[in-house]
Chemist: 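Okay, here's the structure, questions in a sec.
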Protein chains: 4
Amino acid sequence: MSSARKKRPPAVRSDGARNRELLLAAAEQEFGEQGIAASVADITRRAGLAKGTFFRHFATKDDLITAIVEPHIEVLDSAARAQLDAVEPGAALLEFLTVAAGQRQQRDVSFLLRAGSAPARVTMLRDRLFDTIAQLVDRALASGALRNDITATDVILLMCAPIHVVEYLPNAQPDLWRRYLGIIFDGLRPEGAHPLPYPAPTPP
Amino acid sequence: MSSARKKRPPAVRSDGARNRELLLAAAEQEFGEQGIAASVADITRRAGLAKGTFFRHFATKDDLITAIVEPHIEVLDSAARAQLDAVEPGAALLEFLTVAAGQRQQRDVSFLLRAGSAPARVTMLRDRLFDTIAQLVDRALASGALRNDITATDVILLMCAPIHVVEYLPNAQPDLWRRYLGIIFDGLRPEGAHPLPYPAPTPP
Amino acid sequence: MSSARKKRPPAVRSDGARNRELLLAAAEQEFGEQGIAASVADITRRAGLAKGTFFRHFATKDDLITAIVEPHIEVLDSAARAQLDAVEPGAALLEFLTVAAGQRQQRDVSFLLRAGSAPARVTMLRDRLFDTIAQLVDRALASGALRNDITATDVILLMCAPIHVVEYLPNAQPDLWRRYLGIIFDGLRPEGAHPLPYPAPTPP
Amino acid sequence: MSSARKKRPPAVRSDGARNRELLLAAAEQEFGEQGIAASVADITRRAGLAKGTFFRHFATKDDLITAIVEPHIEVLDSAARAQLDAVEPGAALLEFLTVAAGQRQQRDVSFLLRAGSAPARVTMLRDRLFDTIAQLVDRALASGALRNDITATDVILLMCAPIHVVEYLPNAQPDLWRRYLGIIFDGLRPEGAHPLPYPAPTPP
DNA sequence: AATGAATGAGGCTTCATTCAT
DNA sequence: CATGAATGAAGCCTCATTCAT
């Protein structure tokens with residue numbers, strides 16, 4: 001016991017990878033609270049790092065946004081794929097939409113849906129996600145779980161609505177979006193569907 | 001004597017009221033394109049005026065927003081009241097929501113739903129509108145045109161969704177929102193309604 | 001009585017001269033309250049006139065200041081001359097200083113004492129005033145009413161001090177300056193004078 | 001992605017503390033020349049720094065003023081305290097006034113005497129200084145070195161006068177204020193004092 | 001690799017001044 | 001002659017980004 005030499009510090013991962021995570025986490029929180037207007041200073045302060053460190057990890061604030069959004073899209077895509085061979089395609093679609101909204105970072109995803117100038121990688125991931133969703137929708141349509149005047153684009157467009165709707169309420173309960181997803185999904189069901197006054201758009 | 005300034009180039013005189021309209025129009029467009037972050041400089045440039053002129057018409061950027069939003073709320077309230085004694089309360093509510101979305105300035109209205117710090121007058125107008133909508137909803141509920149687990153707050157929150165949904169699509173047809181209003185309204189109907197997984201929120 | 005024709009209006013001096021006076025009066029008040037930072041808009045508002053009218057009467061804000069200051073200097077000069085042949089030169093000087101401070105627009109006069117770039121006319125008037133004061137001082141010196149190490153320049157420099165001193169006090173009584181003129185003038189008297197640690201400056 | 005900005009030219013790194021001093025020095029000079037109206041741009045230009053750097057050191061222009069004024073008040077207070085137990089209270093007061101004026105930053109102190117809205121700390125320091133001066137005055141009064149109709153408030157008000165008086169002279173010798181302090185202090189002595197025409201004000 | 005000081009463009013707002021009506 | 005709308009320079013301040021240490 002006496003001759004033990006513990007010189008090396010306990011390996012506190014203060015390395016680059018850790019700081020990157022700190023920054024991403026801080027950024028998601030700040031963006032969540034203040035919207036995209038959150039400043040780099042806010043983010044680094046929350047992360048407990050210096051501004052210079054921020055730019056070592058992300059060349060640009062926009063790059064950070066991309067870095068936040070990319071994994072979200074990938075997670076959504078996995079969630080969608082996980083439902084592709086479910087036995088009840090209607091329930092599978094609803095489950096996917098629930099998981100998706102539950103990420104509560106759809107907010108960030110919607111940045112992208114608009115973004116005219118998204119980086120190539122993001123565009124590609126997004127297109128892949130949309131394709132997966134389209135498969136989910138097709139299966140639900142085929143099974144009769146969805147009204148037949150609905151398209152995948154409709155579902156994609158409506159996907160973020162529950163989250164956005166809830167954002168109008170200053171102090172909403174965190175799970176309130178479930179209510180509006182329920183209502184909107186009921187609107188997608190075949191029972192009691194009224195003819196729609198306008199044709200479906202072409203996909204983005 | 002100290003405050004002498006350099007000579008200034010001419011100034012063109014035009015109709016004050018007209019410039020105010022120019023500014024309001026330019027502002028609605030810029031806000032539509034860039035969100036509330038659109039700068040006063042952008043707005044005046046689009047209006048073809050000098051920055052100083054902006055502040056002659058609106059003491060503050062916030063004042064401009066108020067000036068844009070107030071009449072929209074008033075128009076919405078009128079549209080709602082016009083449906084208060086319709087014979088078919090369900091159709092009346094749908095008609096109101098259609099007129100409201102048709103204004104396509106709901107986007108601006110939604111600024112307000114969030115705005116914790118709206119000017120007193122705006123808050124008052126908004127509360128009046130919400131009250132009118134509540135009456136519309138009550139009548140629709142009483143007539144059985146709405147599923148009975150829906151509240152006025154639900155309708156208010158969902159009111160702007162069709163417009164927002166469509167905004168994700170870069171080059172959407174101008175009337176595409178009608179489609180999504182149709183879908184969402186179908187979700188509010190009693191036929192085929194599934195129990196909602198979360199209770200209604202309390203009004204703002 | 002029946003054939004009288006009173007067509008002409010009752011000659012309400014709404015002519016240029018009257019507006020000029022309105023502007024000068026408003027300016028003195030605003031400058032008094034807000035200092036030289038008072039804006040042209042403030043002044044014209046107080047005068048009940050339009051900004052354009054201001055610039056019809058004064059090409060420049062600086063011109064207005066000159067227009068305010070000139071008559072003050074002239075009045076001071078008259079006041080000084082009125083004391084030139086008084087029988088008691090010491091009392092005469094004190095009387096002049098009292099009248100001068102009493103104008104309470106010394107504040108404005110002091111603008112000038114600094115002003116490197118005063119218009120020619122103002123410089124001339126000022127020099128004339130200084131010359132008159134010098135005569136007053138010479139007579140007081142000759143009569144033994146002033147300590148003999150004092151010069152006219154000293155008196156000129158000290159002339160505005162009582163007003164300035166009082167300006168530090170936010171809610172000073174309007175006549176408080178009399179107290180400090182008394183103290184300072186006592187410092188100029190021969191009785192109890194201590195040798196001064198620094199020689200008199202040369203006149204501006 | 002929207003917030004991309006153009007590339008910025010290099011940035012020179014230097015000692016933070018040093019730049020703060022540069023800014024303080026530049027500010028004192030600019031304020032001395034142009035009064036409190038000196039702009040942040042003027043100050044940073046004089047300091048050879050960028051505008052942004054200013055706000056890194058002082059959150060606000062007002063903060064800069066506070067930063068300038070605070071140490072001056074503290075130095076004055078020390079100077080006053082150093083005289084509290086002098087054997088000749090009259091000479092002690094004169095010595096304090098001399099040291100105070102010698103700082104030649106009284107000018108800045110006078111900002112404060114007016115400032116209705118000074119930060120709490122400044123108000124506190126100022127009150128402490130005034131209290132110390134009051135002790136000095138009381139002792140001088142008790143020793144018979146001051147005329148007995150004088151109060152501490154009088155001395156405080158007159159304290160800055162020598163500096164201000166000299167400011168009227170464009171190219172005054174730097175020590176000319178000593179002359180006017182001499183004159184004014186003679187006015188405070190008991191010998192040859194004439195009754196004052198106005199009562200002492202209450203302290204601020 | 002991390003830090004944080006420095007940078008300067010750009011945002012909102014004020015104000016002297018010009019000029020069409 | 002008066003009016004008041006328009007102008008744009010300038011003021012204060014914020015923030016993404018760069019770079020010496």
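FYI, side chains are in, hydrogens and waters are out, and symmetry mates aren't considered; it's all heavy atoms of this structure. By convention in this document, chain letters (A, B, ...) are assigned in the order of the sequence lines, proteins followed by strands, and residues within each chain are numbered from 1.
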Chemist: Check whether A/Thr60 reaches the backbone of A/Asp62 with its side chain - one donor and one acceptor, N or O, closer than 3.5 Å.
Modeler: no
Chemist: Mind checking whether B/Ile65 and B/Phe31 have side chains closer than 4.5 Å, heavy atoms only?
Modeler: yes
Chemist: Counting side-chain heavy atoms from C-beta on, which of F/dT3, F/dT17, F/dG11 comes nearest to A/Thr60?
Modeler: F/dT17
Chemist: If you write DNA chain F from 5' to 3' in dot-bracket form, with Watson-Crick or G-U pairs under 3.5 Å, [ ] for crossing pairs and | for pairs with another strand, what do you get?
Modeler: .||||||||||||||||||||
Chemist: Just how far, in rounded Å, is P of E/dT14 from CZ of C/Arg45?
Modeler: 12 Å
Chemist: Is the shortest heavy-atom distance from the side chain of D/Phe58 to the side chain of D/Val40 under 4.5 Å?
Modeler: no
Chemist: Return the nearest nucleotide to the side chain of C/His57; candidates are E/dA16, F/dA2, F/dA16.
Modeler: F/dA2
Chemist: Would one find a side-chain N or O of A/Asn19 under 4.0 angstrom from OP1 or OP2 of E/dA1?
Modeler: no
Chemist: Measure from the side chain of C/Leu49, starting at C-beta and using heavy atoms only, and say which of F/dA2, F/dT3, F/dA16 lies closest.
Modeler: F/dT3
Chemist: What integer distance in Å separates D/Leu64:CG from F/dG11:C1'?
Modeler: 15 Å
Chemist: To the nearest Å, give me how far apart CD1 (B/Ile43) and C1' (E/dC12) are.
Modeler: 11 Å
Chemist: In terms of the nearest nucleotide of DNA chain F, which residue is placed more toward the 5' end: D/Ala59 or B/Gly52?
Modeler: B/Gly52
Chemist: Scan side-chain atoms only and decide if B/Asp63 and B/Thr66 contain a donor-acceptor pair under the 3.5 Å cut-off.
Modeler: no
Chemist: Taking CZ from B/Phe55 and C1' from F/dA9, how many angstroms apart are they, rounded to a whole number?
Modeler: 14 Å
Chemist: Any side-chain heavy atom of A/Ile73 within less than 4.5 Å of one from A/Val122?
Modeler: yes
Chemist: Rounded to the nearest Å, what distance is computed from the CZ atom of residue B/Arg18 to the P atom of nucleotide E/dT21?
Modeler: 12 Å
Chemist: If you look at every strand shown and take non-hydrogen atoms under 4.0 Å, does B/Thr53 touch a base, only sugar-phosphate, or nothing?
Modeler: base
Chemist: Whether the side chain of B/Lys51 and the base of F/dT7 hold a donor-acceptor pair under 3.5 Å is what I'd like checked.
Modeler: no
Chemist: Mind calculating the distance between CG (C/Asp42) and P (E/dC15) to the nearest angstrom?
Modeler: 7 Å
Chemist: Given atom NZ of B/Lys61 and atom P of E/dT14, what is their separation to the nearest angstrom?
Modeler: 15 Å
Chemist: Which nucleotide sits closest to the side chain of A/Ala50: E/dA16, E/dT3, F/dG4?
Modeler: E/dT3
Chemist: By nearest atom, which of the nucleotides F/dA2, F/dA16, E/dG11 is closest to the C/Arg56 side chain?
Modeler: F/dA2
Chemist: What residues, two or more places apart in sequence or in another chain, satisfy side chain to side chain donor-acceptor pair (under 3.5 Å) together with B/Arg46?
Modeler: B/Gln29, B/Glu30, B/Glu33
Chemist: Are the side chains of C/Leu49 and C/Phe54 in touch, meaning some heavy atoms are under 4.5 Å apart?
Modeler: no
Chemist: Could you tell me the separation between the CD1 atom of B/Ile65 and the C1' atom of E/dG11, rounded to a whole number of Å?
Modeler: 14 Å
